[in-house]
Amino acid sequence: MRAQSFAKYAWGVLAYNLAAISWGVYVRASKSGDGCGSHWPLCDGDSTPLHGPIARIVEASHRISTGLIGLLALYLVVWAFMAFPKGHLVRKAGVSMIVLTLLEGLLGAALVKFQLVVNNDSSLRLVVMGFHVFSTFMLLGSIAVAALGASNIRPLRFKGQSGIGWILGMAAFGMVLLAVSGAVSALGHTLRPVDNVIGAAMDPKTFWMVRLQPLHPLIAVSIGLYLALAAGLVQHLRPDPQVKKALRWMVGIYVGQLVLGVANIWLKAPIPMQMAHLVLADINWVSWIAVTMFALGDGIERVEARPAPESAPVATPLSGIALVKAYVALTKPRVISLLLFTTLTSMVAAKGDWPGFWLFLAVGVGGYMSAGAANAINMVIDRDIDLTMKRTSTRPTVTQSIPSKSVLLFSFVLATVAFGLLWGVANLLSAVLALSGLVFYVVVYTMMLKRRTWHNIVIGGAAGAFPPLVGWAAVTNDLPPLALYLFAIIFVWTPVHFWALALLLKDEYAAAGVPMLPVVKGDRNTVTQIAVYAVITFAVSLIPFLMPQVGWIYAGTAVVLNLILLYLCAQLYRQTNRPHASTLFHYSMLYLAILFFMLAVDRAVVIKGGLNPANKREISVRLLPFQQGSRQKRQGPVILAVYNHSLNRDLRVVRS
C-alpha cells in the first residue's frame with residue numbers, strides 16, 4: 001500500500017515536471033528569457049519578482065515553478081529511502097532525480113548569466129540548450145523509473161538479454177537526437193522566422209539555424225522508422241502482454257507526435273502547439289522507459305533463449321572463412337542482386353549519365369547492406385518456418401551456429417552503417433528510403449502479413465520496390481513522377497515473380513503453415529492471379545513512355561518483354577506444372593533486369609543527345625515559391641505551375 005502511494009506521488013511529480021517544461025517553452029518562444037535581467041536566482045535582485053513588465057512575470061514564474069521541483073525531488077528521495085530497502089531501484093532513481101534537478105538548475109543559471117536567451121543566436125546557446133534537452137530527458141526518466149519501480153514491476157535483469165538491450169539503447173539515442181534537432185529547429189524559428197523554410201534552407205546565405213530546420217522532419221521520420229522496427233523486434237523477442245501494451249502506447253504516441261509536428265509546420269509553429277509538441281515528445285520518452293523496464297524484466301518469456309528444436313540439424317562450430325561465408329549468407333546475396341541492379345540502373349536513369357564512381361559505389365554498398373540487414377533479421381524472426389522447409393533448414397539461425405543475438409547485432413550494424421553511408425555520400429532522403437524498405441520488409445511483410453494472409457506478397461512486395469527510389473534520390477535528392485512509376489512497376493511485377501516461385505514451393509509452405517496463394521487458393525487460382533498481374537505489369541511498365549525524356553528504346557523493349565511475359569503466363573495457364581512455373585520465375589528476373597537496364601540506356605541516349613522522344617511535349621508539375629503580400633497568408637506558400645523542360649521556363653500558372 002505504501003509503495004502504491006509512493007508510485008502515485010512519483011507520477012504526480014512527473015506530471016508537474018511536464019507542466020514546468022511546457023512553461024519553459026513559452027518563456028523561450030515569447031522571448032521572455034531576459035525578463036529578470038542577468039540576475040539569478042533572484043529577479044533583478046528583487047525578492048518579490050511577480051510584478052512589473054509581462055516578460056519579468058513570465059520569467060519569474062518559470063523560476064519559481066522549477067524551484068519547487070527541487071523540493072518535490074527532495075521529498076521523493078527521503079520517502080524512497082524510508083519505504084524501500086538498501087540497493088532498491090527506487091532509491092537509485094530518487095538519488096538520480098536529485099542530481100539531475102540540480103544540474104537542470106545550473107543549466108538554467110548558465111543560460112541567464114551568460115545571456116543565452118531572447119535573441120542570442122550563438123552556437124554556445126545551442127550547445128547549452130542541447131545539453132539541457134538531454135538532462136531533461138534523464139530527469140524525466142529517473143522519475144518514471146521511480147514510479148514504475150514502486151509498482152510491483154518485475155526485477156530488472158541486464159545480463160543475458162541478448163540483443164534487447166542495445167536495440168532499446170539505440171532507440172533511446174535516436175529519441176534524444178530527435179529532441180535536440182527539434183530544439184535547433186524551434187530556436188531557428190524563434191530567432192529567424194521565415195515564410196518558406198525549404199526555400200530559405202537552400203540559400204547558402206541564410207542563417208545556419210534556419211538551414212538546419214528541414215533536417216528535423218527527416219530525422220523524425222528516420223527515428224519513427226527505427227522505433228517501428230525496434231517495437232516489432234522487441235514484441236517478437238519478448239512476447240509478453242505488458243510489453244506489447246507498452247509498445248503500442250509508445251508507437252501510438254510517436255505517431256501522434258508526428259501528426260502534431262506536421263500541424264506545427266503547416267500553421268507556422270504557434271506557441272501553444274510548440275508547447276504541446278515538446279510535452280508529447282517527453283511523454284514519448286517516458287513510454288520508452290516503460291517499454292525498457294517491462295522488456296528487461298526478469299522471468300518473462302525470451303524467444304531467442306529457446307534452444308534449437310530437436311529436429312534441427314546439429315550446429316557445427318564455425319570459424320575463419322566458413323564463419324565469414326555464413327555471415328554473408330545471412331544477407332541472401334542472390335536475392336539482393338536483382339534489387340541492387342534496379343538501384344544502380346535507376347541512378348544512371350536519374351542522371352542520364354554515369355553518376356560518378358564514388359557515389360555509385362557508396363549507394364551500391366549502402367543498398368546492399370540495408371537489404372542484407374533486412375534479410376538477416378527476417379531469418380531470426382522466421383527461424384521456426386525455416387526449420388520446416390528443406391531449402392532453409394540448414395541456415396545458421398536454425399542451427400544456432402550463429403546465435404540470434406549475434407545475427408541481430410550484425411543486422412543493426414549493417415543497417416546503421418548503410419544509413420550513415422547513404423546520408424554522408426548521397427543525401428538523407430536516400431538513407432530514409434533505404435531504411436523505409438528495410439522496416440517495411442521486416443515489420444509489415446514478415447511480422448504482420450506473412451503468416452496471416454495470402455495477400456502478404458501483394459502488399460509486402462512494396463519492400464522490394466524501394467531500391468529504385470533509393471538510387472534515384474541519391475542522384476537528384478528528389479522523387480519525380482518517373483521514379484514513383486519505377487516503384488509501381490516492381491510493385492505490380494512482384495506477385496507474378498513470387499507466385500511462380502510459390503507454385504514450386506507449395507508443399508514446403510503448406511508444411512510450414514505459411515498461407516501463400518497456392519496453399520490457400522490452389523494452383524488454378526494462383527495462375528489466374530499471375531495472369532492478371534502480368535497484364536497490369538504490361539500496362540504500368542508502358543507509363544514511363546508517356547513521361548518526359550523517355551523514348552522509343554525503352555518503349556520497344558518494354559513491349560517485347562511484356563509480350564514474352566504474357567506468352568509464358570499463357571503457357572503456364574494451359575499446362576500448370578513445375579517446368580512452366582520455373583521458366584516463368586526465372587524469366588521474370590531477366591525481365592526486370594533488362595527493363596531497368598534499357599531505361600537507363602534510353603535516358604542516357606535521350607538526355608545526352610538532346611533528343612525530344614517521340615516529339616512529346618516535356619511538361620510536368622512543380623511546386624514554386626509564391627509570395628504576393630497578404631494573399632500568401634490566405635492560400636499558402638506555394639503555387640502549382642506547368643513547366644516546359646525543353647524550353648527550361650515556366651509556361652503558365654495552373655492554380656494558386
Side-chain angles (χ1 to χ4, degrees), residues 7 10-25 66 69 73 76 89 92-94 96-97 99-101 103-104 107 129-149 151 153 156 164-186 216-217 219-231 234 242-243 245-261 264 273-296:
W11 287 121
V13 173
L14 180 64
Y16 181 82
N17 271 266
L18 291 174
I21 291 168
S22 176
W23 190 242
V25 175
T66 52
I69 293 176
L76 183 143
L89 182 63
K92 296 177 181 179
S96 297
M97 182 183 175
V99 173
L100 289 164
T101 300
L103 179 61
E104 286 280 83
L107 289 171
M129 283 189 64
F131 196 71
H132 201 7
V133 169
F134 174 75
S135 65
T136 299
F137 266 35
M138 296 303 104
L139 174 60
L140 295 175
S142 66
I143 303 171
V145 168
L148 290 166
S151 303
I153 195 172
L156 298 185
I164 288 291
W166 50 262
I167 289 174
L168 292 169
M170 288 180 66
F173 175 79
M175 294 176 79
V176 172
L177 176 64
L178 176 60
V180 172
S181 72
V184 174
S185 180
H216 180 60
I219 292 175
V221 173
S222 303
I223 301 304
L225 289 168
Y226 178 79
L227 287 180
L229 176 63
V234 170
Q242 206 171 30
V243 174
K245 183 178 180 180
L247 285 168
R248 285 179 176 177
W249 273 102
M250 183 183 77
V251 174
I253 293 170
Y254 194 86
V255 171
Q257 188 184 356
L258 284 178
V259 172
L260 192 59
N264 254 313
M273 291 194 69
Q274 290 187 50
M275 297 166 68
H277 191 44
L278 180 58
V279 168
L280 200 58
D282 293 331
I283 294 174
N284 206 192
W285 170 255
V286 171
S287 71
W288 173 87
I289 296 292
V291 167
T292 301
M293 294 187 70
F294 293 146
L296 297 180

Does a side-chain heavy-atom distance below 4.5 Å link [X] with [Y]?
X	Y	value
Leu260	Met273	yes
Lys92	Val145	no
Ile21	Met275	no
Val13	Asn17	yes
Ser22	Leu278	no

Measure the spacing between [atom1] of [X] and [atom2] of [Y] and express it to the nearest 0.5 Å.
X	Y	atom1	atom2	value
Ile283	Leu140	CD1	CG	9.5 Å
Met138	Ile143	CE	CD1	12.0 Å
Ser185	Gln274	OG	CD	9.0 Å
Leu107	Ser135	CG	OG	5.0 Å
Thr292	Ile164	OG1	CD1	9.5 Å

Q. Counting N and O atoms only, with roles assigned by atom type, does the side chain of Thr101 sit under 3.5 Å from a partner on the main chain of Met97, one being a donor and the other an acceptor?
A. yes

Give me the atom names and distance for the closest heavy-atom approach of [X] to [Y].
X	Y	result
Met293	Leu148	SD-CD1, 3.6 Å
Phe294	Ala246	CD1-CB, 3.6 Å
Leu103	Phe131	CD2-CE2, 4.1 Å
Asn284	Met175	O-CE, 3.4 Å
Phe137	Ala179	CZ-CB, 3.6 Å
Ile167	Val234	CG2-CG2, 4.3 Å

(Q) Is it the case that atom CZ in Phe134 sees more than 12 heavy atoms from other parts of the structure closer than 6.0 Å? (A) no

Extract all donor-acceptor atom pairs below 3.5 Å that involve side chains of residues 247-258 and protein atoms in other chains or at least two apart in sequence.
residue	atom	partner	partner atom	Å
Tyr254	OH	Ala220	O	2.5
Tyr254	OH	Gly224	N	3.3

Q) Can Thr136 and Glu104 be counted as having a side-chain donor-acceptor contact under 3.5 angstrom? A)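 A donor-acceptor contact under 3.5 Å links the two side chains.
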
(Q) According to ring pair (Phe, Tyr, Trp, His ring centres under 6.0 Å), who are the partners of Trp11, at least two apart in sequence or on a separate chain? (A)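 For Trp11, no residue satisfies ring pair (Phe, Tyr, Trp, His ring centres under 6.0 Å) once neighbours in sequence are set aside.
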
